[in-house]
2 protein chains.
Amino acid sequence: MRLDDLDRRIVAQLLENGRASYAQIGDRVGLSAPAVKRRVDRLRAERVITGFAAVVDPAALGWTTEAFIEVFCTGATSPEDIYDSVHKHPEVVAAYTISGDASALVHVRAQDIQHLEQALERLRREPNITATKTAIVLSRLIGRPTDTGATTPA
Amino acid sequence: MRLDDLDRRIVAQLLENGRASYAQIGDRVGLSAPAVKRRVDRLRAERVITGFAAVVDPAALGWTTEAFIEVFCTGATSPEDIYDSVHKHPEVVAAYTISGDASALVHVRAQDIQHLEQALERLRREPNITATKTAIVLSRLIGRPTDTGATTPA
DNA sequence: ACTGAAACACACTTGTG
DNA sequence: CACAAGTGTGTTTCAGT
């Protein structure tokens, strides 16, 4: 599962354009199309590349509101319990356990402020959750495709 | 730029598998391959779909550490100024202006704790930035592909 | 072990109805 | 939007380094 420089360049190409043809990638990294395919197959088998996805503008689909919610839980709440409490809410697009006062940080997307309020109320109704602290996103300054992934290390 | 149900189903398919063939999508939504292609072309032209990207496991590429940093700025710092201050740091994968005390929330990825510390020091050296408050991610509970995008509204 | 080249099958793309 | 033709790409096989 060790990656060489060619692998990293191929991944970088696929982060920029997930639908690039193997021949096109090969031109940029100096390999033939079959060689690129074999490496991509290997990277997928090793779960370095876990999939491919369209990058979508949420606002264009009617999701105009987003927020980050610090979630505070009762004393002995495990990460699994937190997962159970938040993953069933479709508005939750990401969730992390974090250091600091809060138990978790939850990234939520909603269609509008009213929808956000509903989702928040639903979250607060979870038995494990004792309090929440919401920061509404005013504007997205940066959102690299590598938000869900990563590019080549320095 | 109004989307019908077919468009939303096509987008949903491409969020799950960004390399799905048009014929495969067509089978699932009840359209021929050319019809799907024309809609995808239109969705891209309208910037509903802004691109395609591989979904990568950051840990597999050596990025094992991530954090969310609340950034506090001097009184009259515009979103553009904040953008200028954070976007040049390659560790920053996302940044938002938010409501609340902090000026911005910055999502950072680093290779390890030492690297994170370096990035943090570099950030704090920005003239606009007066203080930071860092929450290190202990574990990622949820990270839907729609983190950078969105699925179909309820 | 991994590569490049050729062959085949499949997907994309365009035009037409 | 479906259909059908032509083009290009994905995929496999094989031989070479």
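Just so we're on the same page: letters track the sequence lines, and every chain starts at 1.
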Expressed in angstrom and rounded to an integer, what is the separation of A/R2 atom CZ from C/dC2 atom P? 14 Å
Quickly work out the A/Y22 OH to D/dT12 C1' distance and round it to whole Å. 13 Å
How is B/S21 classified with respect to the nucleic acid when contacts are heavy atoms under 4.0 Å: base, sugar-phosphate, or nothing? sugar-phosphate
CG of B/D41 to NZ of B/K37: how many Å apart, nearest 0.5 Å? 3.0 Å
Ignoring hydrogens and geometry beyond distance, is the side chain of A/R38 in donor-acceptor contact with the base of C/dG4 at under 3.5 Å? yes
According to the interplanar angle, ranging from 0 to 90°, do the rings of B/Y96 and A/H107 count as parallel (below 30°), tilted (30 to 60°) or perpendicular (above 60°)? perpendicular
If you only use heavy atoms from C-beta on, which nucleotide in C/dT3, D/dA4, C/dA6 is closest to the side chain of A/L31? C/dT3
Within a radius of less than 6.0 Å around CG of A/D101, do more than 12 heavy atoms belonging to other residues, nucleotides or ligands occur? no
Write down the distance between CG (A/D4) and C1' (C/dT3), rounded to a whole number of angstrom. 13 Å
Mind checking what makes ring pair (Phe, Tyr, Trp, His ring centres under 6.0 Å) contact with B/Y83, not counting sequence neighbours? B/H87
Rounded to whole angstrom units, what separation is found between the CD1 atom of B/I25 and the P atom of C/dC10? 19 Å
Examine D/dT9: is either OP1 or OP2 under 4.0 Å from a nitrogen or oxygen in the side chain of A/R19? Give yes or no. no
D/dG10 C1' sits how many Å from A/R44 CZ, rounded? 14 Å
Assign A/R42 to base, sugar-phosphate, or nothing according to its heavy-atom contacts below 4.0 angstrom with the strands shown. nothing
Find which nucleotide of DNA chain D each of B/G30 and A/A20 is nearest to by heavy atoms, and output the residue with the more 5' nucleotide. B/G30
Roughly, in whole Å, what's the span from NZ in A/K37 to P in D/dT12? 5 Å
Distance, rounded to the nearest Å, where A/D27 contributes CG and C/dT3 contributes P: 16 Å
Atom CD of A/E117 with >12 non-hydrogen neighbours under 6.0 angstrom: no
Closest to the side chain of B/P34, out of D/dC3, C/dA6, C/dC2, is D/dC3
CZ of A/F52 versus P of D/dG10: gap in Å, rounded? 11 Å
